[in-house]
Every structure is written in structure tokens, then in C-alpha cells.
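Reading through the C-alpha cells given below for one structure.
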Amino acid sequence: MSMRTSWADSVSAAENAAAGGGGNRSTYVPPHLRNRSASSDSLAALPQGGPDPVNAAPTGGNRWAGPRNDYNRSGYIGGSGGRGGGWNNRNGGWDRGRDREVNPFGDDDNTEQASGEPENTGINFDAYEDIPVETSGDNVPPPVNTFADIDLGDALNENIRRCKYVRPTPVQRHTIPISLAGRDLMACAQTGSGKTAAFCFPIISGIMRGQSAQRAPRMPRTACPLALILSPTRELSSQIHDEAKKFAYQTGVKVVVAYGGAPISQQLRELERGVDILVATPGRLVDLLERARVSLQMIRYLALDEADRMLDMGFEPQIRKIVQQMDMPPPGLRQTMLFSATFPKEIQRLASDFLSNYIFLAVGRVGSSTDLIVQRVEYVHETDKRSHLMDLLHAQKANGSHGKVKLGASDLCVNVNMAFLSPSLVVNKQALTLVFVETKKGADSLEYWLCSNGFPATTIHGDRTQQEREYALRSFKSGNTPILVATDVAARGLDIPHVAHVVNFDLPNDIDDYVHRIGRTGRAGKSGLATAFFNENNSSLVRSLSELMQEANQEVPAWLSRFAAKASYGGGKNRRGGGRFGGRDFRRDSSFSRGGADHYGGGNMSGGYGATSGYGAGGGYGASGYGGSYGPGVTSAWD
DNA sequence: AAAAAAC
């Protein structure tokens with residue numbers, strides 16, 4: 001209840017800080033040196049960790065400054081171990097920190113954006129009020145309210161400001177202090193709520209202030225990153241890399257990405273030039289490990305994005321190999337953070353192998369599907385799907401291509417920021433429609449059919465070349481091709497602004513996949529629409545779907561409820577654990593607790609949820625009196 | 001049964 005006040009305070013505090021530091025234009029001060037006051041800068045006091053304020057910009061004019069002076073500590077290990085002694089001596093080795101670092105913000109002239117400029121990357125924070133939060137584990141560090149409450153370091157703070165992140169999102173408020181405290185973490189937070197930054201900030205900050213003294217063994221041509229971030233698709237790794245580069249700009253922390261389908265030579269070159277944070281997909285990383293071009297022995301941070309996917313049947317062996325069978329330090333000697341919007345209990349149990357005395361955190365409602373997404377289910381026979389899709393697209397077009405989707409009586413304006421965009425931008429930022437299908441062949445044929453019928457569509461799936469995939473995504477994002485037909489390759493993590501409508505042309509078999517798919521819209525507090533085509537082929541999903549919709553306060557069609565009621569298989573693997581949260585710590589479930597191996601220090605919940613709804617036969621959760629009980633030493637952010 | 005992920 002005091003949240004609004006404290007957030008408002010923090011906003012003005014952040015704005016003052018930003019204005020105070022960047023105000024003087026007469027003398028150029030590199031961004032990473034602004035806001036630096038000798039007394040308050042703990043990073044400057046560290047011996048060798050972060051950028052060196054003295055050497056970084058002796059003339060005050062070198063914007064490529066900000067090198068690390070501990071080049072030998074991490075990343076590429078030069079053959080001779082001496083100054084400039086790397087085999088890759090093109091740049092003299094010693095000055096790799098001075099390599100040209102492309103400005104990811106594109107504001108090289110360092111002028112502030114014109115006032116009145118839209119904040120189209122901003123998060124709609126009002127949408128995140130009353131979000132329930134659950135934590136469990138030993139000694140959970142309390143959440144912070146502002147970025148200023150956390151000492152992330154000046155360079156990182158400057159990048160946060162340039163990203164226009166004024167306030168931390170709920171998952172960031174909870175995650176960052178946990179992570180800075182060095183704790184392992186399993187975090188479950190709704191789609192589009194800022195998870196990437198939540199694990200990137202502490203990693204970058206931790207590397208900046210890390211001790212430099214660690215001696216790395218001699219391993220020519222072997223890169224030794226300090227942090228590893230794994231994700232299940234190439235595009236997602238690429239996206240995380242782009243984000244991380246922004247956050248790490250001029251911090252001296254080097255971020256490199258490696259994934260398949262792209263020439264390995266360039267990735268090798270990047271690795272040779274030094275890497276602190278490696279973002280990768282599993283296959284290419286295993287390749288690099290087997291070639292001994294990467295060693296994991298220096299890993300201090302391991303983050304798995306979409307962690308439940310990374311640990312499901314298809315990926316688990318590769319992940320085990322990377323995490324357990326190569327040279328990565330074991331749990332306890334590294335910090336491990338797992339993130340996803342969904343976390344089935346079976347996967348949680350698998351995941352606990354990788355964790356040490358971890359904290360479980362759940363932020364958000366119902367498997368992370370937010371009520372910002374309007375979910376519709378329509379009964380459509382298999383043979384009618386194409387014409388039905390056509391009807392939807394025509395209706396959308398007729399309603400104005402700029403993001404208004406007719407929703408019965410009320411119009412849902414799906415392009416929230418449109419009013420603030422300059423006219424020239426509005427033209428290009430039309431509402432985008434993402435259509436999910438089951439198979440790669442199905443994607444190709446639907447794309448062809450749409451194009452033949454005058455709808456500009458493209459497609460992304462695993463049978464296309466990486467070039468084609470990336471081109472399709474770009475073309476979709478730009479609005480050039482406002483319809484994208486996709487397989488599950490695009491279901492998770494991709495942050496595509498202006499996706500107004502997600503169509504589940506073919507529903508997935510797993511409710512968690514549905515949650516991730518519809519999460520491509522309604523991001524960053526904006527609203528969105530998700531339409532599903534349902535028929536008898538989807539009966540395995542009907543129960544969990546109707547339950548999910550009820551919990552997200554969605555209108556469940558009567559026919560769907562009837563269908564769900566008569567569906568004979570009551571439980572099945574699609575049943576959720578019976579909680580109203582997307583995640584619940586499996587350690588709190590008695591059927592999972594065996595022996596004393598797990599550390600579990602109690603649980604805490606808070607948030608505005610009412611009477612149990614929809615989970616009549618659920619997991620015996622509502623009755624057990626968790627709500628409102630607070631464990632020792634932990635306070636909720638929402639009370 | 002499908003999708004993803006290395007060459």
C-alpha cells in the first residue's frame with residue numbers, strides 16, 4: 001500500500017541522480033565516469049575489479065576507455081601469461097579492453113534524447129501492482145524498491161538509465177538482492193516481466209567487483225568465461241546477448257554469444273579476444289568445449305533461462321554434460337540461477353541437482369499468464385482453420401491496422417504507446433500477429449497460403465537456415481511482414497514489441513507451452529490478445545486450459561467448460577500442481593520431500609488473491625493456510 | 001508425435 005509512494009520517491013530520486021550527473025555538457029565526461037563521487041563509490045575502492053577511473057580516460061575524451069586492468073584474470077588466457085603475450089597479438093593483448101565497443105544505445109554524440117520522446121521501451125508499472133510473491137528458502141534477502149537501493153556500480157547504473165529503466169520490476173526487486181547475496185535461485189516470473197535484466201545486472205556487477213587475483217592455468221586458445229548463460233533457442237541467446245551488451249557497455253565486462261547455424265569462425269575470434277559472460281545454446285557450447293576452445297573452470301555464475309525447457313527430456317543430457325561432466329565448479333563454488341515463467345515440479349526436482357541451498361521465488365499469477373492478455377478460445381474444426389484465420393485477419397485489418405482488435409463490446413487498444421510515438425513511427429509500428437502451428441511443414445504451408453491470399457507473412461522454424469530465421473524475425477519486428485507463422489522455436493523468451501495478437505492455430509499439447517506462447521504478447525505491462533483454435537484434437541489440454549483461463553480472470557466459453565467437465569481423464573500430466581501461482585516450491589510439497597538433503601527454511605506469500613477458484617480438486621493448497629503467514633526474517637514487498 | 005539444439 002505504501003508501494004506507490006516509495007516507487008514515486010524512487011523515480012524522482014533516480015531522475016535527480018541522472019540529471020545531476022549528466023548535466024554538464026561543456027566538458028565531456030564519459031558516461032561511466034559520471035555520477036562518480038569519491039566517497040560513495042565503492043567500486044572505485046576495489047583494487048582491480050572494475051573500470052579504472054584514473055587510467056580509463058586520462059584525457060577525459062576517450063569514449064572507448066574503460067578497460068579492465070586485470071586482463072589476465074579471465075577470458076582469454078594468453079599463452080605467455082605476460083603483458084601482451086597472447087598468441088592472438090593483433091591488438092597487443094594488453095589493450096583488449098580498449099577494443100572498439102559499439103555503442104548499443106546509438107547515442108554516440110551523447111546528447112540526451114529530445115524531451116517528449118516516447119519511452120517505448122518502458123514498462124507499465126501500474127500493471128504490476130498487487131502481484132503475488134512467494135519466496136522460500138533460508139534467510140531470504142528482502143527485496144529492494146529502487147535501483148538506487150542497490151550498489152550495482154556507476155557504469156551499470158548509467159546503462160540502466162540509458163535503457164530508461166526507472167524502477168525495478170517485481171522480479172528484479174526480489175532477484176537482484178538474492179543474487180547479490182551470492183545465493184542460488186530458482187525464479188518463476190511471468191512472461192515479459194524483466195527476467196533477463198534480473199540475472200544480467202547482478203552478474204555484470206559481480207564480475208566488475210570480482211577479485212582479480214585468481215590465477216588461470218595456461219591454456220592457449222581456451223576461453224575461460226566467468227559467467228555462462230544458457231538458453232534453448234538461437235534467437236533467444238542472440239536476444240540475451242544484445243541485452244547484456246547494453247547493460248555491460250563500458251563496464252569492461254565482455255559479453256560473447258555462441259550458437260549453431262552461424263559460422264563458428266567469428267565466434268571463435270570473439271572468444272579469443274576474451275570473454276567474461278558467455279551466452280550460448282547447448283549444442284554449440286558442447287562443440288566448443290570438446291574442441292577445448294572454451295573451459296568452464298572459471299565459471300562463477302551459471303544462469304539457465306527458460307530453465308524448465310533446458311531440463312526437459314530433449315535438453316537434459318546436454319545440460320548435464322555441460323554443468324556436471326565438464327570442468328565447471330560444483331554447486332556451492334558457483335552461483336546458479338534458474339529462470340522461467342513455468343516450473344513443473346518434476347523439473348524442479350531435476351533442477352535441484354544443480355543448486356545449493358537455493359531460494360525459490362515466484363512472482364506473478366497463474367503460470368505467469370497475466371491478465372493483461374485477453375484470452376479467447378474458439379471452436380474451429382481442423383478443416384476450417386485457414387478460413388477462420390483469414391476471417392480474423394480481415395477483421396483486424398478492417399478495424400484499422402494500427403492495433404485495434406475488436407473484442408465484442410469493448411475495443412482493446414493493443415498499441416498502448418501509439419499516442420506517444422511520432423507520426424513517422426506510427427506508420428511502421430503496426431500491430432503484429434504471431435501465429436503458432438504444430439509442425440515445420442505446417443508453418444511453411446500456412447505461410448504460403450497466407451501470402452497467396454494477400455497477407456504478408458513469413459515463417460520461422462528449425463528447418464530454415466539461420467539466415468532465413470533471422471531475416472524472418474527482423475522482417476516481422478520491423479512490420480515489413482506483420483504476420484509471422486512459427487513453431488515452438490518462437491514460443492519462449494523472444495521479446496517482440498508490438499505483437500498485438502497471438503493465434504494458436506494449432507494448440508500445443510502442454511499447458512506450459514501455451515503460457516509461453518501467449519506470453520509473446522502483453523509484455524512489459526502492455527495488453528494483448530491471444531486467440532486459440534480448439535477442437536477435439538486438443539482434448540488433453542482442455543482441463544488445464546479452462547483452469548488457467550479462470551485463474552487469469554478470463555471468460556471461459558460455456559462449451560469449453562462443458563467439454564472440460566466431461567473430459568474423462570481427470571489428472572494427467574497436464575494437471576498443474578494445484579496452486580494459483582505459476583510456480584510453487586516443490587520442497588514444500590510433502591510428496592517430494594525425502595530425507596534431509598534439501599534445505600528449506602520456510603515460505604512466505606503475499607499478494608492479493610481471493611477465494612480459491614477453479615481448482616476444486618486441486619492440490620489441497622487453498623485450505624492449508626499458507627496465505628498471509630510469514631516466516632521469520634522475511635517481509636513481503638506487497639504488504 | 002513434434003520441436004529444439006553441432007558439424
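Chain identifiers are assigned alphabetically (A, B, ...) following the order of the sequence lines, protein sequences preceding nucleic acid strands; residue numbering begins at 1 within each chain. Predicted model only: the values in this text are computed from it and were never measured.
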Just the rounded figure in Å: distance from P of B:dA6 to NZ of A:Lys321. 14 Å

From the options B:dA2, B:dA6, B:dA4, select the nucleotide whose nearest atom is closest to the side chain of A:Thr487. B:dA4

Separation of atom NE2 in A:His461 from atom P in B:dA2, rounded to whole Å: 15 Å

Of the listed nucleotides (B:dA1, B:dA4, B:dA3), which one gets closest to any side-chain atom of A:Glu438? B:dA1

Gap between atoms CG and P, on A:Asp287 and B:dA5 respectively (whole Å): 15 Å

Rounded to whole Å, CZ of A:Arg309 lies from P of B:dA2 at a distance of 16 Å

Taking CZ from A:Phe315 and P from B:dA2, how many angstroms apart are they, rounded to a whole number? 18 Å

Short side-chain N/O contact from A:Thr281 to OP1 or OP2 of B:dA6, under 4.0 Å: yes

Using the ring of A:Phe247 (Phe, Tyr or Trp, six-membered ring only), decide whether A:Lys245 places NZ or CZ under 6.0 Å from its centre and within 45 degrees of its axis. no

Can you run down the side-chain hydrogen bond (donor to acceptor under 3.5 Å, both in side chains) pairs that involve residues 445-455 of chain A, sequence neighbours left out, and say none if there aren't any? A:Arg386-A:Ser445

Please determine, for the side chain of A:Val489, which listed nucleotide (B:dA4, B:dA2, B:dA1) has the closest atom? B:dA4

May I ask you to say what A:Arg492 touches in the nucleic acid, namely base, sugar-phosphate or nothing, with a heavy-atom cut-off under 4.0 Å? nothing

Salt bridge (charged side-chain N to carboxylate O under 4.0 Å, His left out): pairs with one or both residues in residues 455-464 of chain A, sequence neighbours excluded: A:Lys440-A:Asp463, A:Arg464-A:Glu468

Provide, to the nearest angstrom, the distance between the CD1 atom belonging to A:Ile460 and the C1' atom belonging to B:dA3. 13 Å

Straight-line distance of A:Thr222 OG1 to A:Leu296 CG, nearest 0.5 Å: 11.0 Å

Between A:Arg234 and B:dA3, is there a side-chain N or O to OP1/OP2 distance below 4.0 Å? no

Please determine whether a side-chain nitrogen or oxygen atom of A:Lys440 lies at a distance below 4.0 Å from atom OP1 or OP2 of B:dA4. yes

Whole-Å distance separating the CG atom of A:Asp463 from the C1' atom of B:dA5: 13 Å

